[in-house]
> 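Please see the structure below; I have some questions.
Everything numeric here is computed off the predicted structure, so don't read it as measured data. Each chain gets a letter, A, B and so on, in the order its sequence line appears, and its residues count up from 1.
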Protein chains: 2
Amino acid sequence: MINLLKNKKISKTPFRKEVLAIFNKYNNAIPLSVVEKELKAFNRITLYRTIKVFLEKGIIHEITINGEVSNYAICKEECDTLGHHHQHIHFKCTSCGIIFCVEVDKFPTIILPKYKINQLEIQAIGLCQNCNL
Amino acid sequence: MINLLKNKKISKTPFRKEVLAIFNKYNNAIPLSVVEKELKAFNRITLYRTIKVFLEKGIIHEITINGEVSNYAICKEECDTLGHHHQHIHFKCTSCGIIFCVEVDKFPTIILPKYKINQLEIQAIGLCQNCNL
DNA sequence: TTTAAAATGCAACAATGTTGCAAATAATTT
DNA sequence: AAATTATTTGCAACATTGTTGCATTTTAAA
Ligand SMILES: [Mn+2]
Ligand SMILES: [Mn+2]
Ligand SMILES: [Zn+2]
Ligand SMILES: [Zn+2]
């Protein structure tokens, strides 16, 4: 966590450390608007570039459900420049709107005769524990 | 197909008929850029509004994979104003870039102890038949 | 501490999507 | 079929989102 930027071989700057701390603070995915609000002094351009670098280096991953605004979350598994390989699903609560990364015991397998599947993205929509009381 | 606009209770206009014909012509999902090119005379604003109405009425559905530009495809199942309920998966070929709607025999079920799932969206990424020769 | 490499932020731009409103067209009623 | 009503279209203007070149600043390496 602390040396993540060093491990990923990218320069350790105050801006990047702050963005990383914000993602670590949340245990769910967040959109850029939330990152912006949390930043003490934010610059749109630098934020876009930071997000892009974090995505490329496998520090965070992008989640888009039903064409809505993208959310971003820390990568829990080992991801790198060569790609992301998550074995978890993305859950969106229709009540509170929060998107969670949810680990599962057995990640489903799908076989399609006419297609060679290399990667599966699974998104679930419903109610989270808080909203389902 | 021919009376889809009437069935969905929306006005039958030349523009909408043309857009609908374009979606029917393709047997895969297409982005707005393709619709634009296919239209004889297109107007950005009217196209956006047409897409919005088609989505609301359950004529087409939106597909977004990995935060890339949205693609749209005709709804094969019965969808309406109350919602879309597809039981198929979306496959994106990393070689040709085409997104296909693929029907499956048994659509997977996922159970998460802490979440109530109402809908599952499954996206597969890999190689289509053409590109996997 | 000096040097080289990389990140930042401004300005300017590009792409994408939205809204009010008057004119045109489609659907409904007489 | 003509008149009336409801809906759609397209322009203008705006809002949001994302990108790029470049000079300055900061970080990392020597
Ligand atoms: Mn995730
Ligand atoms: Mn589909
Ligand atoms: Zn919730
Ligand atoms: Zn292909």
> Take atom CD of A/Glu18 and atom P of C/dT8, then tell me their distance rounded to the nearest Å.
11 Å
> Any side-chain heavy atom of B/Gln123 within less than 4.5 Å of one from A/Gln123?
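The answer is yes, as the side chains (C-beta and beyond) meet within the 4.5 Å cut-off.
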> With a 6.0 Å cut-off on ring centres, are A/His61 and A/His90 close enough?
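Yes, the ring of A/His61 comes within the 6.0 Å limit of the ring of A/His90, centre to centre.
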> Rounded to the nearest angstrom, tell me the gap between atom CZ in A/Arg49 and atom P in C/dC10.
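Distance check: A/Arg49 CZ to C/dC10 P gives 11 Å.
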> Distance alone, cut at 3.5 Å: any donor-acceptor contact between the side chains of B/Thr64 and B/Ser70?
yes
> Shortest non-hydrogen contact from A/Ile125 to B/Glu121?
CD1-CG, 3.7 Å
> Output all residues satisfying salt bridge (charged side-chain N to carboxylate O under 4.0 Å, His left out) with A/Glu38, sequence neighbours left out; order by chain, then residue number.
A/Lys25
> Can you give one letter per nucleotide of nucleotides 13-18 of chain C, going 5' to 3': B for a protein heavy atom under 4.0 Å from the base, S for sugar-phosphate only, - for none?
---BBB
> Decide yes or no for A/Lys92 and A/Glu68: does some side-chain heavy atom of the first lie under 4.5 Å from some side-chain heavy atom of the second?
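In short, these two side chains touch, coming nearer than 4.5 Å.
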> Measure from the ring center of B/Phe100 to the ring center of A/Tyr115 and say whether it is less than 6.0 Å.
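Ring-ring flag for B/Phe100/A/Tyr115: true, centres closer than 6.0 Å.
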> Could you tell me how far apart A/Ile51 (CD1) and C/dT8 (C1') are, to the nearest whole angstrom?
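Atom-to-atom, A/Ile51 to C/dT8, this comes out as 16 Å.
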> Could you tell me from which nucleotide to which nucleotide of DNA chain D, 5' to 3', there is an atom under 4.0 Å from chain A heavy atoms?
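First-to-last contact on DNA chain D, by the 4.0 Å heavy-atom rule, is D/dT17 to D/dA28.
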> OP1 or OP2 of C/dA26 versus the side-chain N and O atoms of B/Thr13: is any pair under 4.0 Å?
no
> Please state how far atom NZ in B/Lys17 lies from atom C1' in C/dA26, giving the value in whole angstrom units.
11 Å
> How long is the line joining CZ of B/Phe15 and P of C/dA23, in whole Å?
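Nearest whole value for this atom pair: 22 Å.
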> Measuring only between side-chain heavy atoms, which start at C-beta, is B/Ile122 closer than 4.5 Å to B/Pro108?
yes
